[in-house]
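So you know, we letter chains A, B, ... as the sequences are listed, proteins then strands, and number each from 1.
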Amino acid sequence: MSWIRERELSFLERLTANILKAGPMPKHVAFIMDGNRRFAQKAHVQRQEGHSQGFEKLAETLRWCLNLGIHEVTVYAFSIENFKRSKEEVDGLMELARQKFSRLLTEQENLEKHGVCIRVLGDLTLLPADLQQLIAKSVVATKAHNKCFLNVCFAYTSRYEIASAVKEMAWGVEQGLIKSSDVSEVLLSECLYSSNSPNPDLLIRTSGEVRLSDFLLWQTSYSCLVFQSVLWPEYSFWNLCEAVLQYQLSYQSLQKARDLHREGQALQQMEEDRSCVAELLQHRGNGKLVDSQSRQKELLNYIASREERVRCFLNALQHKRDTFFSDLSSQAFICYL
Amino acid sequence: MTILYEMAWRFLHALFYVQRALVAWFRVHIWRWKRAVVGLLLPLALGLHKPKKTGTISKRTSRRVRCGADGRTLEKLPLHLGLLITEEEIHFTDVANLVVWCMAVGISYVSVYDNQGVFRRNNSRLMEEILKQQQELLGMDSSKYSVEFMKNGTDKQEHQVLSCQSVVKVLSPDDGRLSIVQAAQQLCRDVEQKEKTLKDINVTVLDSLLRESKNIPDPDLVLKFGPVESTLGFLPWHIRLTEIMPRLQRSVQIKHARICLVSVSASKQADRCLIKARRTCGIKHHLSSS
């Protein structure tokens, strides 16, 4: 299969994988695949060849991840900022994407065999129409698969994603599905492009840069960050193992920090609910004092109704997103008839 | 077989800990040795003939001279430096020491962050330590370096620029995701009350709203202290292009941050980051010459 290398691990690689798997393993890894252009310069080849090699390396890395039991991978393929590069390079990258997504559509059997679900995160409307349709077809074709997940960030920046999530919540408010007081950290997370995935446990950036470059800024707040100096097309199984080892070394402290954050979130939500109920009772009560039992009952009712509102809103949002992809995908079908 | 793998895993981790400890020890001692050599050879190289009575120079003066020397060797300075403390035990004196050094070296905005909110809760204790270290380290010159402590939302931009040369800001997770959520709530309320439409919500609007409530410039550089390789909720919106100094060593003592900043300044990474940051950062800080 073109997107996942079929090669098996060597004996030594298998041994190392088994040793690593004795400890806590990340379930979701994010990659900033940096260094394609520098590799091209180093190897005296065209930039396009560097990007092509980068894709081959992605296919290899996905195989290693599956061998290590990592079933969800998110990659930063193309940033909105990258549109500022030369027309030649951007066109080259779009053409590479066209080739790879077209190829993917011819490998349906393999995709089903491996249970690969492809998701593309970003503002697809910024891409050429034919590429949008290819992407939509790939996403719809693999939607039901659930053995492993590949999230490709294309025409993506994190700030744009967060602003888009805020816009979705505002849409919910406009439609009367939720109230502005329902807006919370948890709800914002559910409105991001990555809402169907857990937060990455590990983020790896290659080529020696030590920035996040507007990638998953919200989702990686409590992730292990590993910056490696190797260029992406030169990435090896051992580099991946080194990153996993770093994750394992930070695991305990990260768990603790995450638990603390979750507790804080729950407290924040409780405070917000209490304040909403207090306001509600004040409006209703006409100055009468409410006993604590009634207040508690009101609070539970309020929480139940808020959760129901949010559930309906999230269903509507998912439906809106699914419709976007299926409409795009069926447009393509009509074109090919 | 599983037990064997587990044993091998524990051995691998133990090996890694030892390697990190050795690297850390090595780095500190190499740096100290280099410093000593530079201190000895530089006056000779510059042909200084005046005999220096090193014995009579006080410890405080020599520390001040060292700060100034550090400032001169650092050609490019971050406008906003973030100190991210992930250590279990927080040493206020060490942190204060580092903050004062940052100020003396010429960094105009220093933020101090920990994910448990310890600094936020003990803001006054940190302030006292910083003032104490300022006095001790800078002595007569301490009046030239005024510090503005910002702890929450009522920061005033003008006040910062006119009266302060350095700003020290204490941050906690509330300044991160929670601030974004509060801005989102505001925008949703505006839509609810029909004061805004969906078209009015975009990155620029959200960014201005965040800057309105807490005017924190994007950090150019973050130094992480402690064993955890994560930002632990530090200003997710603002760290879009921030250079996050990876653990150069398992930093047990915060004072070794001097090594980090000096080596960062000398590195190519810093050049790229700081040139870019200067171009994109719209915040101006006025520093009078010392």
Side-chain angles (χ1 to χ4, degrees), chain A residues 15-16 18-23 157-160 162-167 169-174 178-185 187-189 203 208-215 217-227 245-250 253-254 256-257 260-261 264-265 268, chain B residues 1-2 5-13 16-17 20 86 88 115-117 173-174 176-178 180-181 183-193 196-198 201-207 226-234 236-246 269 272-273:
Chain A
L15 185 68
T16 314
N18 285 329
I19 293 172
L20 279 179
K21 285 199 259 191
T157 62
S158 189
R159 281 192 180 181
Y160 195 96
I162 296 170
S164 166
V166 174
K167 207 167 175 173
M169 292 191 291
W171 171 76
V173 166
E174 196 186 56
I178 50 168
K179 302 183 187 178
S180 59
S181 56
D182 296 337
V183 169
S184 67
E185 212 180 296
L187 187 60
L188 204 153
S189 299
L203 183 142
E209 301 293 340
V210 291
R211 296 186 293 272
L212 292 173
S213 294
D214 224 337
F215 181 59
L217 299 173
W218 178 279
Q219 297 90 328
T220 57
S221 280
Y222 294 91
S223 306
C224 180
L225 306 179
V226 174
F227 299 105
L245 198 60
Q246 295 254 37
Y247 165 78
Q248 292 180 336
L249 291 167
S250 292
S253 327
L254 278 173
K256 215 170 152 189
L260 186 70
H261 175 72
Q265 261 182 329
Q268 182 69 33
Chain B
M1 203 60 176
T2 325
Y5 285 136
E6 254 183 64
M7 281 173 60
W9 181 82
R10 281 182 205 284
F11 176 71
L12 189 65
H13 275 246
F16 223 69
Y17 275 117
R20 270 159 112 177
T86 66
E88 280 287 340
N115 74 302
Q116 295 173 78
D174 287 353
R177 283 185 178 187
L178 196 60
I180 300 171
V181 170
Q185 276 175 339
Q186 179 61 51
L187 287 168
C188 287
R189 265 196 297 272
D190 292 344
V191 168
E192 211 167 36
Q193 288 155 15
K196 275 196 169 79
T197 62
L198 294 183
I201 299 174
N202 54 43
V203 174
T204 317
V205 167
L206 188 53
D207 191 54
V228 192
E229 288 308 313
S230 175
T231 54
L232 296 185
F234 177 72
W237 180 267
H238 298 73
I239 58 170
R240 181 174 70 110
L241 297 174
T242 306
E243 301 275 316
I244 300 166
M245 219 42 226
Q269 286 169 355
R272 276 201 292 270
C273 126

key: Minimum heavy-atom distance between T231(B) and T220(A), given as atom pair plus value   = OG1-O, 4.1 Å

ask   = What are the two closest heavy atoms between I201(B) and A170(A), and how far apart are they?
value = CD1-CB, 3.4 Å

query = Of the backbone (N, CA, C, O) and the side chain (C-beta and beyond), which part of D174(B) lies under 4.5 Å from a heavy atom of chain A, both, or neither?
reply = neither

ask   = When rounded to the nearest 0.5 angstrom, what is the spacing between CG in L232(B) and CG in L254(A)?
value = 6.5 Å

inquiry  = Among L188(A), T157(A), I162(A), which residue has the highest count of heavy-atom pairs closer than 4.5 Å to chain B?
reply    = I162(A)

query = Under the salt bridge (charged side-chain N to carboxylate O under 4.0 Å, His left out) test, which residues partner E185(A), sequence neighbours left out?
reply = R177(B)

query = Between R211(A) (side chain) and R240(B) (backbone), is there a donor-acceptor pair under 3.5 Å?
reply = no

request  = Can you see which heavy atom on L225(A) is nearest to which on S230(B), and at what distance?
outcome  = CG-CA, 4.4 Å

remark   = Output for pair (W9(B) CH2, K21(A) NZ), nearest 0.5 Å, gives 15.0 Å

inquiry  = Applying side-chain contact (heavy atoms from CB on, under 4.5 Å) to I244(B) and F227(A), what does each step give before you reach the verdict?
reply    = CA-CA 9 Å; I244(B) 300 166; F227(A) 299 105; 4.3 Å; yes

note = Ranking V226(A), V166(A), D214(A), L203(A) by heavy-atom pairs under 4.5 Å to chain B gives rank one to D214(A)

query = Which bit of L260(A) comes within less than 4.5 Å of chain B, counting heavy atoms only: side chain, backbone, both or neither?
reply = side chain

query = Side chain, backbone, both or neither: which part of L206(B) has an atom under 4.5 Å from a heavy atom of chain A?
reply = side chain

Side chain, backbone, both or neither of L198(B) within contact of chain A (heavy atoms, under 4.5 Å) = both

ask   = Do the non-hydrogen side-chain atoms of Y17(B) and L249(A) ever get within less than 4.5 Å of each other?
value = yes

query = Relative to chain B, which segment of Q268(A) carries a heavy atom at a distance below 4.5 Å: side chain, backbone, both, or neither?
reply = side chain

inquiry  = For Q185(B), is there any backbone N or O sitting under 3.5 Å from a side-chain donor or acceptor partner on S180(A)?
reply    = no

ask   = L212(A) versus chain B, heavy atoms under 4.5 Å apart: side chain, backbone, both or neither?
value = both

Partner chain B: residue of V173(A), I178(A), D182(A), T16(A) with the largest heavy-atom pair count (under 4.5 Å) = V173(A)

Between CG on residue L20(A) and CG on residue L12(B), distance to nearest 0.5 Å = 6.5 Å

query = Should K167(A) and N202(B) count as side-chain neighbours, where that means a heavy-atom distance under 4.5 Å?
reply = no

ask   = Picking from D190(B), I180(B), V205(B), T197(B), which has the most non-hydrogen pairs under 4.5 angstrom with chain A?
value = I180(B)

inquiry  = Nearest 0.5 Å, please: how far is CG in L15(A) from OH in Y5(B)?
reply    = 5.5 Å

query = Is it the backbone or the side chain of L187(A) that comes under 4.5 Å from a heavy atom of chain B, or both, or neither?
reply = neither

note = On a heavy-atom basis, the closest approach of C188(B) and V183(A) is SG-CG2, 3.8 Å

ask   = Taking atom CG of L245(A) and atom CZ of F16(B), what is their separation to the nearest 0.5 Å?
value = 4.5 Å

ask   = Got more than 12 heavy atoms from elsewhere within 6.0 Å of CD, E88(B)?
value = no

key: Contact class of S158(A) relative to chain B, heavy atoms under 4.5 angstrom   = neither

